[in-house]
Amino acid sequence: MMTFGPISIRPDYKRKGYGKTLLDHSMRIAAEMGAGCLLICGNIAFYGKSGFVVASTRGIRYADDPESDAPYFLCKELQEGFLDGITGSYRDPEPYFVAMRNPEAFEKYDAEFPPKEKLVLPGQLG
Ligand SMILES: CC(C)(COP(=O)(O)OP(=O)(O)OC[C@H]1O[C@@H](n2cnc3c(N)ncnc32)[C@H](O)[C@@H]1OP(=O)(O)O)[C@@H](O)C(=O)NCCC(=O)NCCS
């Protein structure tokens with residue numbers, strides 16, 4: 001199993017198919033690398049177009065949200081039947097949580113870079 005992302009497309013190039021092209025290309029590379037299945041947090045409106053489904057429908061739950069069906073947690077088999085007989089829960093790699101687990105150290109590290117305004121832009125999928 002493999003995770004990846006996030007992917008993003010420059011705002012003025014959105015909704016022209018580049019996001020899907022990039023995603024499908026990445027999926028081909030992942031398959032060539034031998035991954036049997038991809039798992040990612042993302043929006044089904046976008047990832048569903050490339051064959052992703054909500055992972056809980058395939059028996060894979062999101063470890064950090066055990067009470068919910070986590071409709072944002074998605075999977076895509078790259079080898080047909082790879083998930084047959086597999087159930088369980090998935091936890092994101094620990095480095096994903098560095099800002100949450102150690103906010104002071106993260107702020108200190110972040111301060112080494114030129115400041116950027118945090119924005120929420122149209123097309124940003126939650
Ligand atoms: C999500 C993102 C990568 C999509 O890239 P894109 O190049 O605009 O997407 P595409 O043109 O390839 O879209 C393919 C399909 O996905 C769906 N889709 C894409 N963006 C969508 C949106 N904002 N809302 C709903 N569906 C969307 C549509 O069905 C679209 O097909 P259509 O345009 O024919 O309707 C881009 O909007 C982005 O960079 N967003 C900010 C970062 C982000 O939220 N990334 C996702 C988390 S990993």
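Residue indices begin at 1 and follow the sequence shown. When a ligand or atom number is given, it counts from 1 through the structure's own listing order.
- Counting non-hydrogen atoms of other residues, nucleotides and ligands closer than 6.0 Å to CD of Glu94 gives a total above 12.
- Inter-residue side-chain proximity for Leu83 and Cys75 is flagged as met; some heavy-atom pair is nearer than 4.5 Å.
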What side-chain donor-acceptor pairs closer than 3.5 Å can you find for residues 48-57, not counting sequence neighbours?
unit_1: Ser50; atom_1: OG; unit_2: Lys20; atom_2: NZ; d: 3.4
unit_1: Ser50; atom_1: OG; unit_2: Asp24; atom_2: OD1; d: 2.7
unit_1: Ser56; atom_1: OG; unit_2: Asp69; atom_2: O; d: 3.0
unit_1: Thr57; atom_1: OG1; unit_2: Val54; atom_2: O; d: 2.6

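- Hydrophobic side-chain contacts under 4.5 Å tie Val98 into a cluster, directly or through other members, with Phe106.
- Close N/O approach between Gly19 and ligand 1 is found [any backbone or side-chain N/O within under 3.5 Å].
- The contact set between ligand 1 and Lys16, taken as ligand atoms under 4.0 Å from a residue heavy atom, comprises 11 (O).
- The atoms of ligand 1 that sit less than 4.0 Å from any heavy atom of Lys20 are 12 (O).
- Counting heavy atoms only, Phe46 comes closest to atom 9 (O) of ligand 1 of the residues Tyr18, Tyr72, Phe46, Tyr13.
- Here atom 8 (O) of ligand 1 lies nearest to Arg15 when heavy atoms of Arg15, Arg10, Lys49 are compared.
- Looking at Ile86 and Ile60, their side chains come closer than 4.5 Å, going by heavy atoms from C-beta outward.
- Under 4.0 angstrom from ligand 1, the non-hydrogen atoms of Lys14 come from both its backbone and its side chain.
- Taking 4.0 Å as the cut-off, Gly42 does not count as a neighbour of ligand 1 on heavy-atom distance.
- Heavy-atom proximity to Tyr47, at under 4.0 Å, picks out these atoms of ligand 1: 48 (S).
- For ligand 1, the atoms closer than 4.0 angstrom to any heavy atom of Pro6 are 48 (S).
- Contact atoms of ligand 1 toward Ser8: 39 (O), 42 (C) (distance under 4.0 Å to a heavy atom of the residue).
- Every atom of ligand 1 is numbered from 1 in the order shown, and the set under 4.0 Å from a heavy atom of Gly17 is 10 (P), 11 (O), 12 (O).
- Taking a 6.0 Å sphere around OH of Tyr13, one finds it holds 12 or fewer heavy atoms contributed by other residues, nucleotides or ligands.
- Of the possible donor and acceptor atoms, none in the side chain of Glu77 sits under 3.5 Å from a partner among the backbone N and O of Cys37.
- Within a 6.0 Å radius of CD in Glu67, no more than 12 heavy atoms belonging to other residues, nucleotides or ligands are found.
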